[in-house]
Chemist: 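Have a look at this one before I ask anything.
Keep in mind that this is a model prediction, so the values were computed, not measured. Every chain is numbered from 1 and lettered A, B, ... according to where its sequence line falls, protein lines coming before strand lines.
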Amino acid sequence: MFDNLTSRLSRVIKTLRGETRLTEINIQETLREVRTALLEADVALPVIKEFMERVKQKAIGQEVIGSLSPGHALVGVVHRELIVIMGGEKSEINLATTPPAVILMAGLQGAGKTTTSAKLAKWLMEQKKKKVLLVSCDIYRPAAIHQLEVLAKQIDTDFFPVQLGQSPQEIAVAALDFARRHHHEVMIVDTAGRLSVDKVMMDEISKLETLLKPIETLFVVDSMQGQDAVNIAKVFAEALPLTGIILTKLDGDARGGSALSVQYMTGKPIKFVGLAEKLTGLEVFYPDRMASRILGMGDVLGLIEESQRNIDRDEAEKLAIKIKSGKNFDLDDFKMQFQQMRNMGGMSALISKLPAQFSQAAQNIKMDDRVIGRTEGIINSMTLQERAKPEVLKASRKRRIAAGSGVTVQEVNRLLVQFEQTQRMMKKMNKGGMAKMMRGLKGMLPGIR
Amino acid sequence: MVAKIMTKNWISEIKLGLSQTRESFGKHLSSLLGGGKIDEVLYEELEAILLTADAGVNATTWLLDALRKKVKSENLTDAAQLRGALQEVLFALLAPLARSFDTDTEKPFVIMLAGVNGAGKTTSIGKLAHYFQSQGKSVLLAAGDTFRAAAREQLIAWGERNNVPVIAQDSSQKNGDPASVIFDAINAAKARNIDIVLADTAGRLATQLHLMEEIKKIKRVIAKAKQGAPHEVLLVLDANIGQNAINQVEAFDNALKITGLVVTKLDGTAKGGIIAAIAKIRQDNTLPLYFIGMGENINDLKPFDARKFVEALFD
């Protein structure tokens with residue numbers, strides 16, 4: 001997401017480089033470009049107006065003139081102001097109440113409430129070690145309750161069994177009682193999607209809110225949402241005491257300007273962002289990181305955090321030792337690398353976090369997630385001996401492996417070549433190349449200093 | 001053929017469907033173009049109206065430039081005169097989108113639908129089936145969305161409502177192969193001498209490369225069932241999304257060579273400006289916008305008519 005905004009802003013900044021002074025005229029030009037970029041990212045016009053005004057005032061002031069590089073100063077201003085609009089510091093989810101802490105989910109149809117409810121439950125279980133109950137008050141959409149039940153089973157948490165014919169209010173009351181009796185610390189209530197212009201439905205959720213007294217009322221919004229995000233958010237904020245926002249489908253290529261708009265309109269923090277269809281695809285929202293991402297610095301920090309969470313420590317350490325020695329790196333280790341990549345949400349999720357200039361390059365590699373599966377398949381078709389000593393692989397063995405994994409012999413060969421390259425690279429890295437590589441990276445990534 | 005079913009009713013129906021759109025777009029315009037001087041302030045407000053309607057920067061710039069030229073060449077001086085002028089430039093932009101949808105060239109005529117999650121593909125198929133039936137065509141539906149829970153049931157319900165056969169996978173099979181379902185459906189259509197096959201597919205984001213590969217495969221397999229098929233590949237777009245619609249058009253076109261568009265949910269709070277943004281993508285050689293959806297009703301999918309659309313917007 002934000003890719004195009006990122007690349008556009010990088011271009012703007014490039015044109016600013018090489019100028020010794022920031023004149024009023026080239027500020028205007030640049031700000032015009034920033035405005036266009038924000039519009040193309042679906043940031044709502046009133047929000048843009050305020051934003052541009054702020055940036056202009058700061059940029060023409062002392063800060064820019066006193067700075068060494070005018071280009072950097074302007075980026076700094078844009079960056080800082082983006083963070084201000086997107087909520088300053090990151091905002092943690094609030095669970096400080098007598099249990100159960102109720103979390104109410106609200107939003108338009110198709111925003112992703114049900115999936116996000118399950119993702120949030122999983123996140124709270126894993127990151128906060130909470131006992132979570134999932135409740136669905138969506139009696140309208142066919143199979144919505146069933147959908148949440150299936151998801152609850154997938155993440156292995158409790159689901160409140162709804163009786164046929166119960167109204168949303170009745171479900172809420174019964175679920176609250178159920179949660180108290182079963183000592184659930186958190187209760188997440190999924191609701192039906194509703195149009196902001198639908199008075200009856202807006203009344204219904206407002207009643208639910210009164211009944212449940214949730215500590216968090218989260219507004220779920222699609223990152224693809226257009227200019228109207230601002231109006232929808234306004235109506236929801238008027239009907240409900242919102243405490244936060246969850247931005248969904250950020251793994252798509254929508255530039256997600258609605259993040260800015262919604263936050264501006266409601267004044268509430270974005271607490272989480274939804275990525276990937278997998279139930280692990282929920283992340284805490286960091287305004288500073290998002291601002292960096294908008295400015296072409298990429299979400300490198302998020303990438304590091306994610307790799308820490310999803311990579312098995314022991315396995316990684318084993319691998320690290322092998323990398324050091326450079327000798328024993330075999331096909332099993334090679335496979336493990338792919339598996340860990342998949343645990344991190346696959347290539348597409350990784351690429352989306354890179355700064356614009358890298359993510360474009362990475363897309364050219366055309367490494368799609370299916371290739372990872374196929375690679376695993378090929379290695380799985382090998383015997384243990386073959387995996388440990390790939391040099392024994394001759395034509396007949398390769399034919400057997402190809403048949404076993406449903407690929408051609410050429411593909412097996414390609415994999416072996418890839419493996420050898422990796423092995424060689426690891427040896428090189430071992431010979432002190434790593435430090436050099438990192439130093440090189442520092443120069444390339446604006447985020448690292 | 002499209003012209004035949006355009007009755008007087010059409011324009012009032014489109015008005016009703018677009019009521020949300022007109023509320024914001026039309027109301028703003030009326031108050032702005034009531035009268036007075038034509039100056040920079042006016043242009044700026046016009047720009048704001050177009051931008052907040054999701055028309056996007058390119059289309060807005062183009063429309064305003066065209067409007068300025070017109071004002072100059074026709075010596076317009078009063079804001080009230082701008083109304084007609086704006087209608088004309090809007091029409092000039094949107095007219096290339098409107099093209100008639102001809103299904104007589106092949107039998108069965110195979111139409112494949114694609115789009116992101118929640119765009120309204122399955123619902124559009126139900127409505128299209130009704131539309132073609134009302135033209136005296138026989139229709140068969142292929143439940144190619146084997147991924148989303150209950151998508152198959154949803155399509156079967158549409159089939160029952162329209163009394164149209166639906167080819168779907170056995171419900172016992174989970175996450176089945178969409179390509180083979182559609183392949184079977186086309187063969188069934190041949191055997192039953194059916195005019196039109198409508199093939200549903202699961203929603204996917206353009207960044208999900210493996211799913212984009214899957215849909216390419218579906219298209220290849222369709223060509224194996226009948227040479228030259230699919231005869232139309234339609235991309236379904238939700239009018240509520242913003243400028244990402246453009247990315248969606250580009251990405252799906254790259255993968256599938258789409259032949260036309262369907263824009264849904266114009267009855268929501270969306271302002272429909274996204275149609276202008278789409279028209280601007282390849283202005284000289286734009287993809288046709290065949291149908292627009294404006295409501296929950298089965299009759300609410302209409303062929304797109306640029307003249308009437310623009311009139312309804314301003315009325």
Chemist: I need the A:T248 OG1 to B:N117 CG distance, nearest 0.5 Å.
Modeler: 10.5 Å
Chemist: To check you understand the geometry: which heavy-atom pair defines the closest contact between A:M224 and B:V116, and what is its length?
Modeler: CE-CG2, 4.5 Å
Chemist: Set out, in order, the CA-CA distance, both residues' side-chain angles and the distance that settles side-chain contact (heavy atoms from CB on, under 4.5 Å) for A:K249 and B:N244, then state yes or no.
Modeler: CA-CA 12 Å; A:K249 305 183 199 170; B:N244 188 243; over 6 Å; no
Chemist: Quick one: closest heavy-atom pair of B:L51 and A:R35, and the distance?
Modeler: CD1-NH2, 3.8 Å
Chemist: Mind checking side chain to side chain contact (heavy atoms under 4.5 Å, CB included) for B:K224 and listing every partner two or more places apart, or none if nothing turns up?
Modeler: B:F183
Chemist: Distance from A:D228 atom CG to B:I241 atom CD1, nearest 0.5 Å?
Modeler: 13.5 Å
Chemist: Ion pair present between B:E213 and A:R374, side-chain N to carboxylate O less than 4.0 angstrom?
Modeler: no
Chemist: Got a second to check how far A:L39's CG is from B:T60's OG1, nearest 0.5 Å?
Modeler: 8.0 Å
Chemist: Working to the nearest 0.5 angstrom, can you tell me the gap between B:I274 CD1 and A:D42 CG?
Modeler: 7.5 Å
Chemist: Atom CG of B:L50 and atom CG of A:L45: how far apart are they, to the nearest 0.5 Å?
Modeler: 11.0 Å
